[in-house]
Amino acid sequence: MPIGQFNIARARWPLHDPRMAGFVDNVVRINRLAERTDGFIWRLIEDRGAEAPDFGGDEQMTFTLSVWRDVDSLRHFTWSTLHKQFRLKTAEWFEKPTEAYLAIWPIAQGHRPDGAEAIAMLSELRRTGPTERVFGTETLTPVAA
């Protein structure tokens with residue numbers, strides 16, 4: 001079953017700050033890698049008119065909203081590709097989260113979640129903790145070989 005994936009992070013500095021260059025300069029590269037990864041289906045691209053999440057004008061908030069064939073595909077992308085190098089450096093660029101920052105939920109075949117749905121699923125995860133309806137980072141823990 002396909003899954004929706006939504007993650008947010010608040011940058012330590014404005015995205016144009018030179019200290020954010022290691023992240024900002026690689027966003028396109030990592031997004032292209034995701035698009036070529038087996039199991040990737042779709043991601044929200046704001047400049048194509050998709051409805052993005054509203055963070056109340058906080059320009060240091062970043063997000064990814066995507067759809068994957070299954071959790072294993074997303075886990076592979078996260079921990080078995082170049083993405084892992086950037087994932088392991090998030091503390092350099094982003095504030096430490098104080099609550100859930102990643103929501104994963106089953107979706108219907110062909111469905112493309114919008115920003116409102118993504119925010120609602122993350123909010124539900126924060127309220128209820130992981131359930132069959134929405135779960136978080138524990139799902140992406142790398143599987144031991």
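Nothing fancy with the numbering, it's 1 onward along the sequence. Both backbone and side-chain heavy atoms feed into the values below; hydrogens, waters and symmetry mates do not. Since the structure is predicted, the reported quantities are computational estimates derived from the model, not experimental observations.
- Enclosure of atom CZ in Arg32 is not indicated, since only 12 or fewer non-hydrogen atoms of other residues, nucleotides or ligands lie within 6.0 angstrom.
- Scored by the ring-ring contact (aromatic ring centres under 6.0 Å, His included) test, Phe40 finds Trp68 as partners (sequence neighbours excluded).
- For the pair Asp70/Pro2, no side-chain contact is recorded, criterion being any heavy-atom separation below 4.5 Å from C-beta on.
- For the atom pair CZ of Phe6 and CG of Asp114, the computed distance is 10.5 Å after rounding to the nearest 0.5 Å.
- Of the inter-residue distances, the one linking Thr98 atom OG1 with Arg126 atom CZ reads 7.5 Å to the nearest 0.5 angstrom.
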Which atom pairs, one a donor and one an acceptor, fall under 3.5 Å between side chains of residues 14-26 and the rest of the protein, sequence neighbours left out?
residue, atom, partner, partner atom, Å
Asp17, OD1, Arg19, N, 2.8
Asp17, OD1, Arg19, NE, 3.0
Asp17, OD2, Arg19, NH2, 2.8
Asn26, OD1, Arg29, NH1, 3.0
Asn26, ND2, Gly22, O, 2.9

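- Looking at heavy atoms from C-beta onward, Pro130 lies out of side-chain contact with Val134 at the 4.5 angstrom threshold.
- Note that CG of Asn7 and OG1 of Thr64 are 4.5 Å apart. Values are rounded to the nearest 0.5 Å.
- Listed by chain and residue number, nothing satisfies the side chain to side chain donor-acceptor pair (under 3.5 Å) test with Glu92 (two or more places apart in sequence, or in another chain).
- Under the 3.5 Å distance criterion, with hydrogens and angles disregarded, a donor-acceptor pair is assigned to the side chains of Trp105 and Glu117.
- The CD atom of Glu138 lies 7.5 Å from the CD1 atom of Ile104; values are rounded to the nearest 0.5 Å.
- Residues Met1 and Trp42 fall into different hydrophobic clusters, defined by Ile, Leu, Val, Met, Phe, Trp and Tyr side chains chained together at heavy-atom separations under 4.5 Å.
- Residue Leu74 is tested with Thr78, Asp72, Val71 for a side chain to side chain contact (heavy atoms under 4.5 Å, CB included); the sole match is Thr78.
- The side-chain heavy atoms of Leu65 and Pro113, taken from C-beta on, include a pair separated by under 4.5 Å.
- A salt bridge links Arg10 with Glu95: the closest approach of a Lys/Arg side-chain nitrogen to an acidic carboxylate oxygen falls below 4.0 angstrom.
- Between the CD1 atom in Ile30 and the OG1 atom in Thr37 there is a gap of 9.0 Å [rounded to 0.5 Å].
- The side-chain heavy atoms of Ile41 and Arg112, taken from C-beta on, include a pair separated by under 4.5 Å.
- Side chains of Ser66 and Phe77 form no contact here, defined as non-hydrogen atoms less than 4.5 Å apart.
- The closest side-chain heavy-atom distance from Leu102 to Gln5 is below 4.5 Å.
- Looking only at side-chain heavy atoms (C-beta outward), Met61 and Ile8 come within less than 4.5 Å of each other.
- Contact annotation: the side chain of Trp93 never approaches that of Arg12 to less than 4.5 Å [non-hydrogen atoms, C-beta and beyond].
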